[in-house]
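Each chain gets a letter, A, B and so on, in the order its sequence line appears, and its residues count up from 1. When reading the values below, keep in mind they use all heavy atoms of this one structure, side chains included, and skip hydrogens, waters and symmetry mates.
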Protein chains: 2
Amino acid sequence: MTTLPVLQDACCAPITEEALTADQAAVLSARLKALAEPARLRLISLLAAAPDGERCVCDLTAPLGLSQPTVSHHLGVLHKAGLVTREKRGTWAYYAVVPEALASLAAVLTPAARS
Amino acid sequence: MTTLPVLQDACCAPITEEALTADQAAVLSARLKALAEPARLRLISLLAAAPDGERCVCDLTAPLGLSQPTVSHHLGVLHKAGLVTREKRGTWAYYAVVPEALASLAAVLTPAARS
DNA sequence: GCACTACATCGATGGCTGTCAATAGTGACA
DNA sequence: TGTCACTATTGACAGCCATCGATGTAGTGC
């Protein structure tokens, strides 16, 4: 299983610029789906709010009130979408957000500057 | 059935600012889910790319290759999420994007300005 | 080696959702 | 009034997915 089924860089011009092709829509949709879950949104915000910008899985299960397998699953989805990075240090796995990935998504959603 | 189950304005600070509550995450998730579908992304871009910024349902089924009920369903989802407006003129229903809604989503995703 | 901890994976399950055919509602027009 | 065109709703079905318990894997320390 590869770790980057979804490309990191922008897939297309801002969504309001010109009509999306089916392929572009599929790529964008895959990234947004990775984000469009309450648990994953909270995970992202928890990671970003951490002092060092990273956290291990064991620190994330309690605030979410979800089981460890479920949290691990959500982090895997975010990782495959390129929204977070994973670094194993000893027994722990530390996750951190990829700000550029979020910025890229935001850029696609930003409407073209109109009066 | 109300037309605005999802509020129009921003639900929270940028996602990377501070940890989301469960409620905030649910609201944000609902809006992102409305967007995270290839068909709906293409609908949004088709609407935005229209000369007048609006289009009737009959003009949208062909480019998407979906049946009329399905397109109507997707437009309904976007409408309930506050991402598009609907205006019935005679027999036709004209849909248009709400730029502010997209901008609000983009703002939440935009990482806090960091060096 | 053995026990313990942290994390990932597997299998199952219940709920959600995208899709269509069929149907209903509504405005236009003769 | 009757007919036609456009749109929304309903019902049904298939596929996806969030969740959990159980299990596997790997690192740590005794």
Sequence neighbours excluded - salt bridge (Lys or Arg N to Asp or Glu O under 4.0 Å) pairs with any residue from residues 38-61 of chain A: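 Sorted result for residues 38-61 of chain A: A:E54-A:R89.
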Does [N] have OP1 or OP2 sitting under 4.0 Å from an N or O in the side chain of [X]?
{"X": "B:T70", "N": "C:dG18", "value": "no"}
{"X": "B:R86", "N": "D:dT7", "value": "no"}
{"X": "A:R40", "N": "D:dA18", "value": "yes"}

Could you give the [atom1]-to-[atom2] distance, from [X] to [N], as a whole number of Å?
{"X": "A:L75", "N": "C:dC7", "atom1": "CG", "atom2": "P", "answer": "10 Å"}
{"X": "A:H74", "N": "C:dA8", "atom1": "NE2", "atom2": "P", "answer": "13 Å"}
{"X": "A:K33", "N": "D:dA18", "atom1": "NZ", "atom2": "P", "answer": "10 Å"}
{"X": "A:L41", "N": "D:dA18", "atom1": "CG", "atom2": "P", "answer": "12 Å"}
{"X": "A:H73", "N": "C:dA8", "atom1": "NE2", "atom2": "P", "answer": "12 Å"}

Sugar-phosphate only, base, or nothing, as touched by A:Y95 at under 4.0 Å among non-hydrogen atoms: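 Touches sugar-phosphate only.
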5′-ward residue of the pair B:S72/A:V71 relative to DNA chain D: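 The 5'-side residue here is B:S72.
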Residue-level proximity of residues 53-69 of chain A to DNA chain C when a heavy atom falls under 4.0 Å: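 Going residue by residue through residues 53-69 of chain A, the ones with a heavy atom under 4.0 Å of DNA chain C turn out to be A:C56, A:V57, A:C58, A:Q68, A:P69.
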Heavy-atom protein contacts under 4.0 Å, nucleotides 25-30 of chain D, coded B base, S sugar-phosphate only, - none: --SS--
ILVMFWY cluster, A:L32 and B:L64 together (side-chain gap under 4.5 Å):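 Yes, because A:L32 and B:L64 connect within a single hydrophobic cluster, where side-chain heavy atoms sit under 4.5 Å apart.
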